[in-house]
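What follows is a single structure, written as structure tokens, with notes after it.
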Protein chains: 2
Amino acid sequence: MIVANDVNKTVRGNQSRNREEITARILSCAETIFAEYGFTGASISKIAALAGLPKSNIIYYFESKEALYRRVVGEIFDIWRDAADAIAIDNEPIKALGDYIDTKLDLARTRPNGSKVWANEIIQRAPIVQDYLEVELRSWTDNRIAVIDAWVTQGKIRPISGRHLLYSIWATTQHYADFTHQITTLNDGKELNDAQWAETKAAVKDILLSGVSL
Amino acid sequence: MIVANDVNKTVRGNQSRNREEITARILSCAETIFAEYGFTGASISKIAALAGLPKSNIIYYFESKEALYRRVVGEIFDIWRDAADAIAIDNEPIKALGDYIDTKLDLARTRPNGSKVWANEIIQRAPIVQDYLEVELRSWTDNRIAVIDAWVTQGKIRPISGRHLLYSIWATTQHYADFTHQITTLNDGKELNDAQWAETKAAVKDILLSGVSL
DNA sequence: AAAAATGTTGACCGATCGTGCAGAAATGCT
DNA sequence: AGCATTTCTGCACGATCGGTCAACATTTTT
């Protein structure tokens, strides 16, 4: 007997469908817990409780705490890498850098936990993802700095240090994610609203980029 | 029998002298461990091992893990508070802000662990020091922002957001402490030397303050 | 319908957690 | 010298840690 339009069975079976749902849920909850407690301080029990699953199930889908953690870190790293596509030699410098700041502030708002996980990992001297830093982050950073320095050489922007400008953009944009709690507390305990985020974007671009323009 | 010039007994007894030495050593080691692992991830055993003491001894001098942690956080908070004295209404704005950035970058180099402890605590939503945030940090921040905004009103600097400028200074200066490991890795695995720190100070001031000058 | 593959879970392991506590050791005081 | 106080530390506790595993449930394949 064939049941028409049974969405659960048309394309693929329940198993693979649930597998994706569950792994996504675990990854999301793991990001939250790792963000709050760091790798060492986080526990599989806490992740499992947040996801509403027995902890054995976490280990079933991700073979270890470290493997799960690497997946979480890898996600935010990829997202940030894509965001930096704006910094390309042929783009107009101020617009490119402004777009990059906008995108990173959007990510600070929508994915603060990813940023916190990264911050925790670096503060702890990257015990798990040092290979990321030495290979991928390294070449990726060098390329972006080269673009900024080239803009300087071409006389398109004021002679500033590409490296320190990039670090300042990272620092400032990620601050609005990592220090959300501090910012919220200083904002009468209320999260920034749409208008305040717009104001933040404008202010950060103003502060960081008015020294870059000729 | 009186033993002359016995430095251990001249001014005060061994006990009070050792007490100060030991508490200072524990505080220093605790800062290192809390910086690396956060409150939850840190353990008294690790602190004790680093200090070369049995863990019972840690509890003897500081009644609990949380009490020890509060002492560590309080120290860096006081240091940062004093550093902001430069931001006073009667000072010349660019020099005052430049001095503040210099001081905070000096602290990033000399006391990176304090900065990391603070970062960890905020990332974790200040479970231990929320009272600091709501009372002391709050009024202290409002006062500094008022000074910067007054400079704007007086026409001494360009009209920028005092709050976001302050946040940007915090973010950038603390980035060089909290993300030391990343910066070191991107610097061929070598810590920044004196010349590079001088370059950092100049670059950060250039980037953050050239948008502030009239 | 039987067999195979996949998903789920509680019980359990050795290690480590924070901390209380008794008593030993050292020091201060009279 | 003798007592009081302070310093120091080993041991023990219940809780939690990451991870293994066997038993069981469900789904897919044959």
Inset, instruction - Pull out every residue in residues 23-31 of chain B that has a heavy atom closer than 4.0 Å to any atom of DNA chain C, ordered by number, or say none. - result: none
Legend entry - Side chain of A/Asn57 (C-beta onward), nearest among D/dT9, D/dG18, C/dT8: C/dT8
Legend entry - Geometric class of the B/Phe179/B/His175 ring pair [parallel <30°, tilted 30-60°, perpendicular >60°]: parallel
Legend entry - Nearest-nucleotide pick for A/Ser43, side chain only, options being C/dG18, C/dT9, D/dG18: D/dG18
Inset, instruction - List the steps and the verdict of salt bridge (charged side-chain N to carboxylate O under 4.0 Å, His left out) for B/Asp78 and B/Arg81. - result: CA-CA 5 Å; B/Asp78 289 343; B/Arg81 184 165 24 73; 2.5 Å; yes
Inset, instruction - Give the ring-plane orientation class for A/Tyr69 versus A/Phe34, where under 30° counts as parallel, over 60° as perpendicular and anything between as tilted. - result: perpendicular
Legend entry - Spacing between B/Tyr37 atom OH and C/dT16 atom C1', to the nearest angstrom: 14 Å
Legend entry - Integer-rounded Å distance: C/dT6 P and A/Glu20 CD: 16 Å
Inset, instruction - Name the nucleic acid region contacted by B/Ser56, choosing base, sugar-phosphate or nothing; use a 4.0 angstrom heavy-atom cut-off, strictly under. - result: base
Inset, instruction - Look at all strands and tell whether A/Ala67 reaches a base, only sugar-phosphate, or nothing, counting heavy atoms closer than 4.0 Å. - result: nothing
Legend entry - B/Arg70 to B/Tyr132 six-membered ring, cation-pi geometry met (6.0 Å, 45°): yes
Legend entry - Interatomic distance, B/Ile44 CD1 vs C/dG18 C1' [rounded to whole Å]: 5 Å
Legend entry - Whole-Å distance separating the CD1 atom of A/Ile58 from the P atom of D/dT20: 15 Å
Legend entry - Rounded distance in Å - OH (A/Tyr69) to C1' (D/dG19): 19 Å
Legend entry - Euclidean distance, atom CZ of residue B/Phe62 to atom C1' of C/dG20 [Å, nearest integer]: 19 Å
Inset, instruction - Look at all strands and tell whether B/Ala48 reaches a base, only sugar-phosphate, or nothing, counting heavy atoms closer than 4.0 Å. - result: nothing
Inset, instruction - Look at the aromatic rings of A/Trp118 and A/Trp80 and report parallel, tilted or perpendicular, splitting at 30° and 60°. - result: perpendicular
Inset, instruction - Could you tell me whether the phosphate oxygens of C/dC17, OP1 or OP2, come under 4.0 Å of any side-chain nitrogen or oxygen in B/Ser45? - result: yes
Inset, instruction - Could you say whether A/Tyr60 or A/Lys55 is positioned toward the 5' end of DNA chain C, judged by the nucleotide with the nearest heavy atom to each? - result: A/Tyr60
Legend entry - Euclidean distance, atom CZ of residue B/Phe34 to atom P of C/dG18 [Å, nearest integer]: 9 Å
Inset, instruction - Using whole Å, report how far NZ of B/Lys65 lies from C1' of C/dG20. - result: 17 Å
Legend entry - Option from B/Asp178, B/Thr173, B/Asn120 for which side chain to side chain donor-acceptor pair (under 3.5 Å) with B/Ser115 holds: B/Asp178
Legend entry - Polar contact flag, side-chain donor to acceptor under 3.5 angstrom, B/His181-A/Gln130: yes
Legend entry - D/dT7 phosphate, OP1 or OP2, under 4.0 Å from B/Arg19 side-chain N/O: yes
